[in-house]
Amino acid sequence: MSAETFYVTTPIYYVNDAPHIGHGYTTVMGDIITRWHRQRGEKVWYTTGTDEHGEKVLRKAQANGVTPQEWVDKLVEEEWRPLLRTIDAANDDFTRTTDLRHLEGAQAFWTALNERGAVYQGSFTGWYSVGSEEFVGDDDVVDGEGDDEGIKVSKLDGSRVELISEDNYFFRLSDYQQKLLDFYEANPTFIQPESARNEVISFVSRGLRDLSISRSTFDWGIPVPWDADHIFYVWIEALLSYATSVGYGSDRERFDEVWPASIHLVGKDIARFHAVIWPAMLMAAGEHVPHRVFAHGWLLVGGQKMSKSKANGIRPDELVDTFGSDAYRYYFARALTFGSDGSISWEDINARYHAELANGFGNLASRVAAMIGKYFGGTLPASGEHTDAELTVVDTVVDAVRDADAAIEAVAPQDALAAIWRIVDELNGYITSQEPWKVAKTAASGEGNAGDRLATILNTTAEGLRVLAVVLNPVMPKASAVLWESLGAEAALGALADQRIDAVAAWGQLPAGTTVTKPASLFPRIETAPTA
RNA sequence: GGGGCGGUAGCUCAGCUGGUUAGAGCACGGGACUCAUAAUCCCUUGGUCGCGGGUUCGAGCCCCGCCCGCCCUACCA
């Protein structure tokens with residue numbers, strides 16, 4: 001049997017939204033996790049993309065005087081693809097729900113469900129607000145007062161609503177209540193974290209209603225293959241991107257190779273769609289359900305949820321312009337607990353940038369390269385006998401790499417970075433306690449074995465940096481590449497991306513004689529901080 | 001209304017199935033050092049663990065009530 005593909009997805013982002021740091025956050029987390037798994041030597045596939053159908057897109061396009069296709073093409077090229085470049089994402093695919101493969105795959109999927117009897121025609125009745133142009137839930141409809149006396153109005157915005165019904169196709173979601181509950185029970189890690197799992201189970205336990213899957217009042221969507229008057233409801237169609245982008249409906253062999261998804265990363269607001277509707281759809285189709293749905297929390301700015309409608313957004317490109325994509329990636333992975341809400345601020349990013357990246361890591365690389373340059377002419381010396389101090393360094397590295405790997409496995413990048421930073425701290429402490437600058441003076445006077453001792457200290461720190469370059473590569477590929485280059489590691493050990501996590505902690509890989517050069521500052525101090 | 005989650009040092013957060021003097025990082029204060037990006041290393045200061053009851057030999061962790069914040073409660077996505 002062939003090795004399973006580690007297949008990760010971000011949500012298929014709604015194209016009408018302006019990309020903000022929330023989107024960047026999710027995509028970066030997936031990128032870090034998939035880059036790490038690639039360096040474990042696994043087959044990996046990482047997909048992101050855009051959801052481009054629906055009434056809102058249609059309206060927006062009309063308002064802009066262009067066709068919906070022209071509108072989404074523009075958004076994808078001008079907003080969404082640039083975001084990926086900004087944050088240095090290494091996704092394997094960018095899937096669009098307007099892609100032909102998706103249209104055909106989605107139609108094939110629902111044709112199959114229809115043939116299996118999971119779909120029926122019925123009528124959907126609901127309160128429709130002409131003013132806000134949307135259906136309003138029963139609980140949000142109240143009796144009007146004053147001018148609206150005798151009329152039902154929406155509690156949300158006060159607009160008048162009328163009861164209308166529409167012929168629709170329905171998916172027999174109600175058939176899956178018990179099947180889903182049994183599934184959650186048998187697969188406790190299917191929905192994570194625990195808070196999302198509890199919520200989903202509680203939601204399903206209260207009962208599931210059949211789901212309307214088509215619309216006939218507008219036409220920007222994928223046609224229902226057996227009834228040209230209907231298009232599919234966006235959600236029911238967009239979720240299928242995860243399958244159609246890896247061959248469902250077009251390349252069965254490819255699909256079987258990649259599916260099921262290992263992890264769907266989602267925001268906690270859409271956990272329900274991914275943990276309830278999506279697996280039920282797949283069960284109905286007789287396909288495997290994903291291994292895991294991981295719901296992350298919100299980014300809070302000034303205690304408020306980061307959102308497109310509020311002006312509290314910190315723009316990804318603004319952040320990257322100031323601190324760089326590496327720092328952006330590092331910050332979100334390190335400062336937040338993936339799965340919980342977390343606070344971010346310009347001040348905090350700035351503080352961590354300087355304390356952890358510039359002073360901690362960048363300066364470490366700088367001082368080691370400077371000493372190898374000054375004391376050994378830029379040629380890496382061979383290590384002599386290890387003393388307890390070196391053994392402690394080696395132990396710290398081995399433990400840290402092991403812990404970081406376990407943390408990534410547990411979808412906890414923040415813990416992985418905390419573990420990796422033990423190496424940074426250990427090396428800085430090791431250098432200070434070994435005082436190589438003093439050993440160098442002794443060596444210069446020709447006393448004892450000081451020269452050998454100095455060589456051992458600098459060889460050890462260089463080895464530590466070698467490990468850091470490898471394990472930080474998934475998080476900060478640019479800085480890691482510079483460090484790898486400065487260690488002269490490429491010539492001796494090959495490409496950084498080919499360095500395996502499971503072998504990285506083995507000591508003594510950098511051969512003596514390698515040319516070490518002092519790199520430009522990995523993370524130069526930044527004097528001015530723009531207003532957020 | 002119902003359900004879920006959270007409220008721990010100035011800030012951001014850890015605290016496993018309840019167990020000795022509640023932890024980390026940053027910030028602050030003091031000291032050491034000079035290889036380095038005025039960086040590094042060491043030490044100190046700092047908490048009625050939202051509030052009020054209860055269970056227990058013992059509770060930040062369990063139970064009850066209350067206050068505050070966020071999320072979900074299916075057809076905007």
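Quick caveat: nothing in here was measured; it's all calculated off a predicted structure. To find a chain, count down the sequence lines: A is the first, B the second, and so on, and within it residues start at 1.
For the pair A/Arg292 and A/Phe190, the cation-pi test (distance below 6.0 Å, angle within 45°) is failed.
Under 4.0 Å is where a charged nitrogen must lie from a carboxylate oxygen, and between A/Lys179 and A/Asp175 no such pair does. Salt-bridge check for A/Asp415 with A/Arg334: failed, with every basic side-chain N at 4.0 Å or more from each acidic carboxylate O. A salt bridge is defined here as a Lys NZ or Arg NE, NH1 or NH2 lying under 4.0 Å from an Asp or Glu carboxylate O, and A/Arg453 with A/Glu390 meets this definition. Taking 4.0 Å as the cut-off between side-chain N and carboxylate O, A/Arg96 and A/Asp51 do not count as a salt-bridged pair. A salt bridge between A/Asp425 and A/Arg422 is absent, with no side-chain N of the basic residue lying under 4.0 Å from a carboxylate O of the acidic one.
Proximity note for A/Phe273 (side chain, C-beta onward) versus B/A39, B/U73, B/A77: the nearest is B/A77. Nearest nucleotide to the A/Arg209 side chain, out of B/C70, B/U40, B/A74: B/A74. Among B/A36, B/U12, B/U37, the nucleotide with an atom closest to any side-chain atom of A/Leu522 is B/U37. Distance from the side chain of A/Arg525 is smallest to B/U37 among B/C76, B/U37, B/C26. The side chain of A/Lys438 lies closest to B/C33, out of B/C33, B/C76, B/C70. Closest approach to the A/Ser521 side chain among B/U37, B/A74, B/A77 is made by B/U37 (side chain taken as heavy atoms from C-beta onward). With distances taken from any side-chain atom of A/Trp298 to the nucleotides B/A74, B/C26, B/C70, the minimum falls on B/C70. Residue A/Arg272 has its side chain nearest to B/C72 when only B/C72, B/A36, B/C41 are considered. Closest to the side chain of A/Ala370, out of B/G25, B/A36, B/A14, is B/A36. Checked against B/A39, B/U73, B/C13, the side chain of A/Ser343 finds its nearest nucleotide in B/C13.
As a whole-Å value, the separation of A/Asp415 CG from B/G15 P is 8 Å. Rounded to whole Å, atom P of B/A36 lies 16 Å from atom CD1 of A/Ile457. Nucleotide B/G25 holds its C1' atom 14 Å from the CG atom of A/Leu357, rounded to whole Å. Computed from coordinates, the A/Ile236 CD1 to B/A74 P distance equals 15 Å when rounded to whole Å.
Across the C1' atoms, B/C68 and B/G50 are found 8 Å apart, a figure rounded to whole Å. One P atom belongs to B/C16, the other to B/U8, and the distance between them is 15 Å to the nearest Å. Across B/U37 and B/G46, the matching C1' atoms stand 30 Å from one another, rounded to whole Å. Here, B/G4 and B/C62 have their P atoms 14 Å apart, quoted to the whole Å. Comparing the P positions of B/G1 and B/C13 gives a spacing of 28 Å, expressed to the nearest Å. Annotation: B/U17 and B/G53 have their P atoms spaced 27 Å apart (nearest Å). Comparing the same atom, C1', in B/A32 and in B/U44 gives a spacing of 15 Å after rounding to whole Å. Of the P atoms belonging to B/G23 and B/C43, the separation is 15 Å, rounded to the nearest Å.
Around atom CD of A/Glu185, no more than 12 heavy atoms belonging to other residues, nucleotides or ligands sit under 6.0 Å away. Around the CD atom of A/Glu485, the shell of radius 6.0 Å holds no more than 12 heavy atoms that belong to other residues, nucleotides or ligands.
Here CG of A/Asp219 is found 11.0 Å from CG of A/Asp229. Values are rounded to the nearest 0.5 Å.
A/Asp51 comes within 4.0 angstrom of the backbone, heavy atoms only, and of no base. Residue-level contact check: A/Ser212 touches the bases, meaning some heavy atom is under 4.0 Å from a base atom. Using a 4.0 Å heavy-atom criterion, one finds that A/Ile277 contacts no nucleic acid atom at all. Across all strands, A/Asp348 comes closer than 4.0 Å to no nucleic acid atom at all (heavy-atom distances). Within 4.0 Å of A/Thr337, counting heavy atoms only, lie sugar-phosphate atoms of the nucleic acid but no base atom. Residue contacts shown for A/Gly297 are absent, as no nucleic acid heavy atom lies under 4.0 Å away. At a threshold of 4.0 angstrom between heavy atoms, the contacts of A/Leu208 include nucleobase atoms, whether or not backbone atoms are also involved. In this structure, A/Gly267 reaches neither bases nor backbone, as no heavy-atom distance under 4.0 Å exists between it and the strands shown. Contact annotation for A/Gly429: backbone-only contact, meaning every heavy-atom pair under 4.0 Å involves sugar-phosphate atoms and none involves a base.
Checking the phosphate oxygens (OP1, OP2) of B/A39, no side-chain nitrogen or oxygen of A/Ser366 falls inside 4.0 Å. Residue A/Lys518 has a polar side-chain atom (N or O) positioned under 4.0 Å from OP1 or OP2 of B/U37. The shortest distance between the side-chain N/O atoms of A/Arg206 and the OP1/OP2 oxygens of B/G2 is not below 4.0 Å. Regarding contacts with the backbone of B/A77, a side-chain N or O of A/Tyr233 is found under 4.0 angstrom from either OP1 or OP2.
Across all strands shown, nothing is found opposite B/G18 as a Watson-Crick or G-U wobble partner with both distances under 3.5 Å. If you check B/U56 for Watson-Crick or wobble pairing at under 3.5 angstrom, you find it has no partner at all. Partner assigned to B/U44 is none, using Watson-Crick or G-U wobble distances below 3.5 angstrom. Using N1 to N3 plus N6-O4 or O6-N4 for Watson-Crick, or N1-O2 and O6-N3 for G-U wobble, each under 3.5 Å, B/C49 pairs with nothing. For B/C70, the paired nucleotide is B/G4, the pair qualifying as Watson-Crick or G-U wobble because both relevant distances are below 3.5 Å.
In terms of modelled atom types and a separation under 3.5 Å, the side chain of A/His296 and the main chain of A/Val266 share a donor-acceptor contact.
Projected onto RNA chain B by closest heavy-atom contact, A/Phe523 and A/Asp425 fall at different nucleotides, the more 5' of which corresponds to A/Phe523. With the nearest nucleotide of RNA chain B identified for both A/Tyr13 and A/Trp437, A/Trp437 has the one nearer the 5' end.
Evaluation of atom-type donor-acceptor distances gives no pair under 3.5 Å for the side chain of A/Lys268 against the base of B/C71.
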Tabulate atom names and distances for all N/O pairs under 3.5 angstrom spanning the protein and nucleotides 5-11 of chain B.
unit_1: B/C5; atom_1: OP1; unit_2: A/Asn198; atom_2: ND2; d: 2.9

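Using the six-membered ring where Trp is involved, A/Phe294 and A/Phe338 have ring planes that are parallel, under 30° apart on the 30 and 60° scheme.
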